[in-house]
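In what follows, a structure is listed as structure tokens, so that the remarks can point back to it.
These values consider heavy atoms only, across backbone and side chains, with no hydrogens, waters or symmetry-generated copies. Model, not experiment: these values are computed from the prediction.
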Amino acid sequence: QVQLVESGGGLVQAGGSLRLSCGVSGPTPSSSTMGWFRQAPGKEREFVAAIRWSALTTYYADTVKGRFTISKDNAKNTVFLQMNSLKLEDTGVYFCAAKYNSGSSVSPGTYAYWGQGTQVTVSS
């Protein structure tokens with residue numbers, strides 16, 4: 001059973017930075033794609049970024065490209081999301097997710113495992 005635990009959320013002023021972490025436990029993640037999604041109140045969960053564990057291929061939503069960076073630490077089985085130049089519209093609950101299939105890396109429906117989420121609030 002795969003377990004994902006996020007940390008690193010918080011309150012930050014617009015223009016600031018935060019780094020989210022996602023610890024992965026259970027079966028080896030080497031065949032997985034790890035994704036970050038976010039959900040604002042009253043909105044659907046949306047794709048933020050993803051990384052293929054073995055290929056180092058990364059994907060980003062247009063809204064975060066150039067500001068966010070997804071990375072991983074193989075030794076610690078941890079995925080990171082470095083968020084810079086944060087905007088008010090980046091506010092939401094951020095979820096880490098894992099999939100072990102060849103489905104779309106940007107669709108939340110293809111991810112079977114999810115963390116509990118961590119709140120990110122960007123203030124003006």
Side-chain angles (χ1 to χ4, degrees):
Q1 182 71 15
V2 177
Q3 291 186 321
L4 308 174
V5 179
E6 304 100 331
S7 61
L11 175 64
V12 63
Q13 285 191 323
S17 299
L18 279 176
R19 189 175 82 154
L20 305 183
S21 300
C22 174
V24 184
S25 62
T28 175
S30 62
S31 60
S32 70
T33 296
M34 302 297 301
W36 285 99
F37 293 78
R38 67 188 181 189
Q39 188 164 19
K43 294 188 176 182
E44 293 186 352
R45 193 167 298 187
E46 65 174 0
F47 170 75
V48 174
I51 184 167
R52 293 178 61 187
W53 198 279
S54 60
L56 290 182
T57 306
T58 56
Y59 310 85
Y60 294 96
D62 289 342
T63 52
V64 307
K65 203 171 293 183
R67 299 188 298 122
F68 290 11
T69 302
I70 188 170
S71 62
K72 62 183 180 66
D73 184 327
N74 288 352
K76 296 182 178 179
N77 278 1
T78 301
V79 178
F80 303 100
L81 185 69
Q82 177 66 43
M83 305 186 294
N84 299 329
S85 302
L86 282 162
K87 303 177 180 181
L88 297 179
E89 52 264 40
D90 293 321
T91 294
V93 179
Y94 282 69
F95 297 91
C96 176
K99 73 179 187 75
Y100 294 80
N101 57 54
S102 58
S104 168
S105 294
V106 306
S107 172
T110 62
Y111 288 77
Y113 304 97
W114 292 84
Q116 80 287 352
T118 185
Q119 177 70 45
V120 172
T121 303
V122 183
S123 65
S124 59

Worksheet item: Can you hop from V79 to Y100 via hydrophobic side chains spaced under 4.5 Å?
Response: yes
Fill in: side chain to side chain contact (heavy atoms under 4.5 Å, CB included) assessment of Y94 paired with E6
CA-CA 8 Å; Y94 282 69; E6 304 100 331; over 6 Å; no
Worksheet item: Is a side-chain N or O of K87 found less than 3.5 angstrom from the main chain of E89, in a donor-acceptor match?
Response: no
Worksheet, complete the sentence: From the list T91, L18, D90, T121, side-chain contact (heavy atoms from CB on, under 4.5 Å) with V12 holds only for L18
Fill in: Straight-line distance of Q116 CD to C96 SG, nearest 0.5 Å
9.5 Å
Item to complete: Establish whether Y113 and I70 are linked, either directly or via other cluster members, by ILVMFWY side-chain heavy-atom contacts under 4.5 Å.
Response: yes
Worksheet item: Going from CG on L11 to OG on S123, what distance comes out if it is rounded to the nearest 0.5 angstrom?
Response: 4.5 Å
Practice prompt. Start with the C-alpha distance between I51 and F80, add both sets of side-chain angles, then the distance that settles side chain to side chain contact (heavy atoms under 4.5 Å, CB included), and finish with yes or no.
Written response: CA-CA 10 Å; I51 184 167; F80 303 100; over 6 Å; no
Item to complete: Evaluate the side chain to side chain contact (heavy atoms under 4.5 Å, CB included) criterion for residues W36 and M83: first the C-alpha distance (whole Å), next the side-chain angles of each, then the deciding distance (0.1 Å), finally the verdict.
Response: CA-CA 12 Å; W36 285 99; M83 305 186 294; over 6 Å; no
Worksheet item: Does R67 offer a backbone N or O that forms a donor-acceptor pair with the side chain of S85 under 3.5 Å?
Response: no
Worksheet item: Of the non-hydrogen atoms in L4 and C22, which two are nearest, and what is the gap between them?
Response: CB-SG, 4.0 Å
Item to complete: Return the minimal non-hydrogen interatomic distance between Q13 and S124, and the atom names on each side.
Response: NE2-O, 4.4 Å
Worksheet item: Can you name the closest pair of heavy atoms from F47 and F37 and give their distance?
Response: CA-CD2, 3.4 Å
Practice prompt. Mark yes when over 12 heavy atoms from residues, nucleotides or ligands other than E44 sit less than 6.0 Å from its CD; otherwise mark no.
Written response: no
Worksheet item: Can you name the closest pair of heavy atoms from W53 and M34 and give their distance?
Response: CE3-CG, 3.6 Å
Response to the item:
S104 and K99 have their tightest heavy-atom pair at O-CE, 3.5 Å
Worksheet item: To the nearest 0.5 Å, how far apart are NZ in K65 and OG1 in T58?
Response: 9.5 Å
Discussion item. So if I apply the side-chain contact (heavy atoms from CB on, under 4.5 Å) rule between R38 and each of V48, L20, L81, which one comes out positive?
Written reply: V48
Practice prompt. Measure across S105 and Y59 and return the closest heavy-atom pair with its distance rounded to 0.1 Å.
Written response: OG-CE1, 3.8 Å
Worksheet item: Any chain of hydrophobic side-chain contacts (each under 4.5 Å) joining F95 to F68?
Response: no
Worksheet item: Shared ILVMFWY cluster between V106 and Y111, side chains joined below 4.5 angstrom?
Response: yes
